[in-house]
Amino acid sequence: MDVLRFLSMMFIVTIHTLQHGNVLSTVVPRTSNYILAYGLFSIVNVGVDVFALISGFVGYRVEIRRLKWKNFFSQWLIVLFYSMGFMICFSILDGSVSAKNILLSATPITSQTYWYFTSYFFVFLLAPYMNYIVVLNTKKQSFFTLFVGIVAVYLSHRIEGLFSITLLLYLYIVGAMIRKYEIYEAISQRIIKCIMILITVFMIVWKMLLSTYSTKISEICLRYDSPFLIIVSAGWVLLFARMKGFNNRQIKYIHFFAPSVFSVYLINDNPSIRSRVVCNIIPEDAFNNPWVLFNAIIISTLLFFVVGLFIDLLRRFLFKKLKIDS
């Protein structure tokens with residue numbers, strides 16, 4: 001699943017490039033740039049859901065285990081390092097240090113500096129109980145759980161701050177069910193790929209056709225809680241669950257860089273980086289040609305991903321020297 005983590009994080013960085021890089025807000029409807037931007041967005045928008053599904057797939061256990069607070073604390077230290085680190089660096093560069101910024105950066109969970117990590121805290125707390133539910137459920141009960149869960153996710157839209165938590169909890173359960181029932185062994189990869197392609201094409205067409213009439217309706221299929229998006233995301237997990245063919249050297253590199261994948265998100269979605277770097281990462285001239293725009297988006301994503309990995313290697317080296325667990 002480490003390879004899929006890499007891919008899903010690249011999707012997430014692409015999402016941020018399209019959204020925070022002002023690509024989606026700049027392209028004009030019914031133009032080549034619009035089709036390109038939203039077509040690409042429809043493909044990569046599964047990134048968050050896939051990353052959450054992996055947590056359930058990997059975290060599923062038949063036996064109930066105690067919470068490993070040491071592991072969560074190690075992750076929290078990394079989040080705090082980037083939250084405080086970028087705030088200090090840019091405050092020095094801008095010459096503007098405020099008590100409010102320091103407080104918000106020092107409390108990344110409660111201040112929701114990173115919404116995913118804030119929501120993941122609840123997944124961490126409830127993971128043993130969700131595993132217990134999945135273990136006890138029969139197949140019939142599992143279908144009922146999936147139905148009730150998606151209803152709960154939709155209802156959570158009404159309560160501010162609850163949606164992302166409910167969504168990640170639901171996706172954890174879905175990932176755990178994929179692991180429990182070994183669905184990846186029951187469905188051929190050809191069928192999975194066909195379903196993923198058909199649904200993705202449907203989402204693109206839906207967006208293109210309805211965007212003229214209603215932005216809200218046209219984006220229903222592209223929301224993180226869209227059943228269509230969740231099915232495609234599950235398809236990625238099913239495909240990679242049986243992936244083999246890596247040699248020992250490739251596996252070694254994958255395991256070496258894997259711990260830094262989440263840090264790419266912490267760097268890319270940091271408020272200071274987002275407002276100073278990501279929002280300016282696509283040059284205005286790129287919008288003059290769809291092919292140039294496409295290349296600008298892909299190159300920006302790859303550069304940010306690679307640079308993020310190597311920045312985190314420096315962080316890991318520093319933590320090792322200071323004997324900080326991570």
Side-chain angles (χ1 to χ4, degrees), residues 5 8-9 11-12 15-16 19-20 45-61 64-69 71-80 82-83 104-135 137 142 144-179 219-220 222-234 237 261-263 265-266 268-271 274:
R5 277 199 180 97
S8 62
M9 188 53 66
F11 283 172
I12 291 170
I15 293 170
H16 293 164
Q19 290 181 327
H20 306 315
N45 203 37
V46 298
V48 173
D49 284 12
V50 170
F51 206 84
L53 285 169
I54 293 173
S55 296
F57 185 88
V58 175
Y60 173 69
R61 299 287 185 277
I64 294 186
R65 295 185 177 183
R66 298 174 64 180
L67 294 176
K68 296 183 179 180
W69 284 99
N71 293 347
F72 182 82
F73 182 68
S74 296
Q75 283 294 106
W76 177 81
L77 282 177
I78 298 172
V79 174
L80 183 65
Y82 285 114
S83 179
L104 291 176
S105 299
T107 55
I109 294 180
T110 54
S111 65
Q112 298 188 50
T113 303
Y114 300 102
W115 73 265
Y116 189 95
F117 187 71
T118 300
S119 302
Y120 176 76
F121 174 68
F122 293 91
V123 175
F124 168 77
L125 287 177
L126 298 174
Y129 305 101
M130 291 189 291
N131 283 337
Y132 187 65
I133 291 173
V134 175
V135 169
N137 275 1
S142 294
F144 178 75
T145 300
L146 290 177
F147 174 75
V148 172
I150 197 65
V151 171
V153 171
Y154 273 89
L155 291 177
S156 67
H157 278 283
R158 299 176 178 273
I159 304 175
E160 186 178 353
L162 183 62
F163 168 67
S164 58
I165 297 172
T166 310
L167 176 68
L168 294 195
L169 291 172
Y170 179 73
L171 292 174
Y172 182 98
I173 289 176
V174 174
M177 286 183 177
I178 292 174
R179 180 72 176 271
E219 292 180 350
I220 288 177
L222 299 178
R223 295 189 328 196
Y224 291 149
D225 58 348
S226 161
F228 301 104
L229 203 69
I230 293 174
I231 291 172
V232 176
S233 302
V237 175
V261 171
F262 187 66
S263 293
Y265 159 72
L266 299 177
N268 181 251
D269 205 38
N270 179 271
R274 189 195 311 160

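Val134 and Ala176 make their closest contact through CG2-CB, 4.0 Å (heavy atoms, listed as atom of the first residue, atom of the second, distance). Shown here for Val58 and Arg179, the closest heavy-atom pair between the two residues is CA-NH1, 4.0 Å.
Not one N or O on the side chain of Ser83 forms a donor-acceptor pair closer than 3.5 Å with the backbone of Leu80. Remark: side-chain polar atoms of Asn45 are paired, donor with acceptor, to backbone N or O of Leu222 under 3.5 angstrom.
Applying the side-chain hydrogen bond (donor to acceptor under 3.5 Å, both in side chains) criterion to Tyr172, with sequence neighbours excluded, gives Asn131. With sequence neighbours excluded, the residues satisfying side-chain hydrogen bond (donor to acceptor under 3.5 Å, both in side chains) with Tyr82 are Asp312.
Between His20 and His16, the ring planes lie tilted relative to each other; the angle falls in the 30° to 60° range.
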Acceptor/donor pairs from residues 119-129 side chains to any protein atom, 3.5 angstrom cut, sequence neighbours excluded:
residue : atom : partner : partner atom : Å
Ser119  : OG   : Trp115  : O            : 3.1
Ser119  : OG   : Ser164  : OG           : 2.7

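One finds the CD1 atom of Ile230 at 4.0 Å from the CD1 atom of Ile150 (value rounded to the nearest 0.5 Å). Here the CD1 atom belonging to Ile54 is positioned 9.0 Å from the CE atom belonging to Met9, to the nearest 0.5 angstrom. In this structure, the separation between CG on Asp225 and OG on Ser156 is 7.5 Å, given to the nearest 0.5 Å. Tyr170 OH to Leu53 CG: the interatomic distance, rounded to the nearest 0.5 Å, is 9.5 Å. Expressed to the nearest 0.5 Å, how far CG of Asp49 lies from CG of Leu167 amounts to 5.5 Å. The distance from atom OG of Ser226 to atom OH of Tyr154, rounded to the nearest 0.5 Å, is 5.5 Å.
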Evaluate the side chain to side chain contact (heavy atoms under 4.5 Å, CB included) criterion for residues Val79 and Tyr114: first the C-alpha distance (whole Å), next the side-chain angles of each, then the deciding distance (0.1 Å), finally the verdict. CA-CA 8 Å; Val79 174; Tyr114 300 102; 3.7 Å; yes
May I have the step-by-step check of side chain to side chain contact (heavy atoms under 4.5 Å, CB included) for Val237 and Val174, ending in yes or no? CA-CA 11 Å; Val237 175; Val174 174; over 6 Å; no
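Phe144 CZ: 12 or fewer foreign heavy atoms inside a 6.0 Å radius.
A heavy-atom distance below 4.5 Å is not found between the side chains of Val50 and Phe11. Within the 4.5 Å cutoff, side-chain heavy atoms of Phe51 are placed close to those of Tyr116. Considering only heavy atoms from C-beta on, Met177 comes within 4.5 Å of Asn137 through its side chain.
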